There are 2 protein chains.
Amino acid sequence: MGVIRGARERARAEVTEAIKDEARTQVLAEGAARLSLRAVARELGMASSALYRYFPSRDDLLTALIVDAYDAVGMAAEQALDKSGPAGTVQEWIAVCQAVRRWALAHPHEYALIYGSPVPGYTAPSDTVGPASRVVLVLFSIAASAHAAGVLEVSTETDVSADGIGPDARQLVRESGHDLPAAAVPGLAAVWAQLFGLLSFEVFGRFDRVVDARDDLFDRAVLDLAHQAGFRP
Amino acid sequence: MGVIRGARERARAEVTEAIKDEARTQVLAEGAARLSLRAVARELGMASSALYRYFPSRDDLLTALIVDAYDAVGMAAEQALDKSGPAGTVQEWIAVCQAVRRWALAHPHEYALIYGSPVPGYTAPSDTVGPASRVVLVLFSIAASAHAAGVLEVSTETDVSADGIGPDARQLVRESGHDLPAAAVPGLAAVWAQLFGLLSFEVFGRFDRVVDARDDLFDRAVLDLAHQAGFRP
DNA sequence: CCAAGAACGAGAGCAGTGCTCTTGCTTCGG
DNA sequence: CCGAAGCAAGAGCACTGCTCTCGTTCTTGG
């Protein structure tokens, strides 16, 4: 994010943003699969070929949207954690979960973009791993402060222990700067996955006409997950 | 599934199956979004227009694959329940979860087809609700026998109770023929969603380089979910 | 200050897609 | 046996992602 020097770079930044905006409204209206470069260009009054000066391919445009979405949900989680203050581990956990849920329900298509099935041959570019881990870092932060306060119960069983975690998880814990026992990671990952299972079912309409009291259902499950994560209030 | 009368109907059934087979291998190889009617027709040595005699549109072909996938995972779950026999509620639950997981890991693209993000403007046709509920009925069956044995603990709290469940859930419980208290449904739905959260994270590669001991992680989480579902061994 | 060169927009074009329509041919049922 | 229905094939339409070329415009080094 360097300073914009000339008029040309300024124009380029503006056009880039306009393309992303239009693409976002298309994704919002029709879903990611129906995103069309030509339609974006048409709506912006430019030739479709000109768009390739800004994004080398359709997938790159999608990646830009994915990064933005990760940043949005990550920011929502971070703000929820900040606002909840030092209100106890479980309270922080609840606040973050509810913030993520609010964001997901308000932006279903963007949620699908990042937490739905990965697109065809699409393998997440390295640009996305940073923004994607923002929301994981929030979870680490909660768990670390719980650990510091002595209210994090880490499973000492041998089956799921520190040996079972991978290099990316180790690196993320190290870079987070938090004092978090590695043995806590598998449990947190499991809880994390289950949380997004709840969100996916709700966002993708699998609870429609099945469960009406979804707020209560979610709050209850989040409490159970807090217990499962080892947060002892 | 009526009896095939003439040679013509037999040929039609065969061609229909061949189209589905080829489509399945394409989905397996490239994912659902890259499924191309023309490519299927090309591979089968027929004109693309001829394919429309068998499937009115690409979405209908996809729907047929989705129904098959639902049936496959439903059958896997049913067989696991049958084979586990009357071995106790938690054992049955574990067996079914592991069977579903095995199927999901063996058929990632088909899993994405049914439990990933719904395709663009695609709203699930009514053909899919029947096969989709097969696997849910397995869960109901486990819970009902647990209830009969007196080892199902149903939350008596007022927040998530029988009032919060929707018409489809009521109908499914009624049609299942099982004696299952309606108040148990929300908890089961939550546990169900969380199970598929675990599966989705694993199938979609979100645990790659993060958690290595995925078998143990899954088994441990399934046990926690059994507890959360109210299965008291 | 001005010319070389990079960045840019537009258009044509290629190969692919879903889908429709028309044209013949085959098979079935009255 | 003959009309009707089912079927395969081809041409064609509108659309897609993407590439290449050709002028134009802006930036910048000498």
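In what follows, every chain begins at residue 1, and chains take the letters A, B, ... in the order their sequences are listed. These numbers were taken from a predicted model, which means no experiment stands behind them.
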Side-chain donor-acceptor pair present, A:D60, A:T63, cut-off under 3.5 Å:
no

Check nucleotides 11-15 of chain D against the protein and report each pair of N or O atoms closer than 3.5 Å, with its distance, or say if there are none.
residue	atom	partner	partner atom	Å
D:dG12	O6	B:R38	NH2	3.4

In whole angstroms, the gap separating P of C:dC8 from CZ of A:R10 amounts to 15 Å

Take the protein atom OH of B:Y52 and the nucleotide atom C1' of D:dG6, then report the distance between them rounded to whole Å.
19 Å

Enumerate donor-acceptor pairs with a distance under 3.5 Å from any side-chain N or O in residues 73-82 of chain B to protein atoms, sequence neighbours excluded.
residue	atom	partner	partner atom	Å
B:E78	OE1	B:R134	NH2	2.9
B:E78	OE2	B:R134	NE	2.9

Checking A:S141 side chain against A:L137 main chain: does a donor-acceptor pair fall under 3.5 Å?
no

Name every donor-acceptor pair, under 3.5 Å, that has one atom in a side chain of residues 191-200 of chain B and the other anywhere in the protein, sequence neighbours excluded.
residue	atom	partner	partner atom	Å
B:Q194	NE2	B:A190	O	3.1
B:S200	OG	B:Y111	OH	2.9
B:S200	OG	B:F196	O	2.8

With sequence neighbours left out, write down each residue that passes side-chain hydrogen bond (donor to acceptor under 3.5 Å, both in side chains) with B:E22, or none if nothing qualifies.
none

Please report the distance, rounded to the nearest Å, between CD in B:E30 and P in C:dG16.
13 Å

Closest to the 5' end of DNA chain D, once A:A39 and A:P56 are matched to their nearest nucleotides, is A:A39

Sequence neighbours excluded, which residues qualify as side-chain hydrogen bond (donor to acceptor under 3.5 Å, both in side chains) partners of B:Q26?
none

Is the phosphate of C:dG9, meaning OP1 or OP2, less than 4.0 Å from a side-chain N or O of A:Y54?
yes

When you measure from the side chain of A:W93 to the backbone N and O of A:A229, does any donor-acceptor pair fall under 3.5 Å?
no

Measure CG/A:L51 against C1'/C:dG11 and give the value in whole Å, please.
15 Å

Nucleotide C:dT17, atom P - distance to CZ of A:R34 in whole Å:
17 Å

On DNA chain C, nearest-nucleotide positions of A:A50 versus B:S57: which is more 5'?
A:A50

Does B:V136 offer a backbone N or O that forms a donor-acceptor pair with the side chain of B:S133 under 3.5 Å?
no

Using a strict cut-off of less than 4.0 Å between a Lys/Arg side-chain nitrogen and an Asp/Glu carboxylate oxygen, indicate whether B:D215 and B:R101 qualify as a salt bridge.
yes

Please state how far atom CD in B:E9 lies from atom C1' in D:dA5, giving the value in whole angstrom units.
13 Å

Using whole Å, report how far CZ of A:R58 lies from C1' of D:dT19.
18 Å

Can you check the A:L37 CG to D:dT16 P distance for me, whole Å?
10 Å

Report all interatomic pairs (protein N or O, nucleotide N or O of nucleotides 4-7 of chain C) with separations under 3.5 Å.
residue	atom	partner	partner atom	Å
C:dA7	N3	A:R8	NH2	3.2

Which part of the nucleic acid, if any, lies within contact of B:L35, taking any heavy atom under 4.0 Å across all strands shown: a base, the sugar-phosphate backbone alone, or nothing?
sugar-phosphate

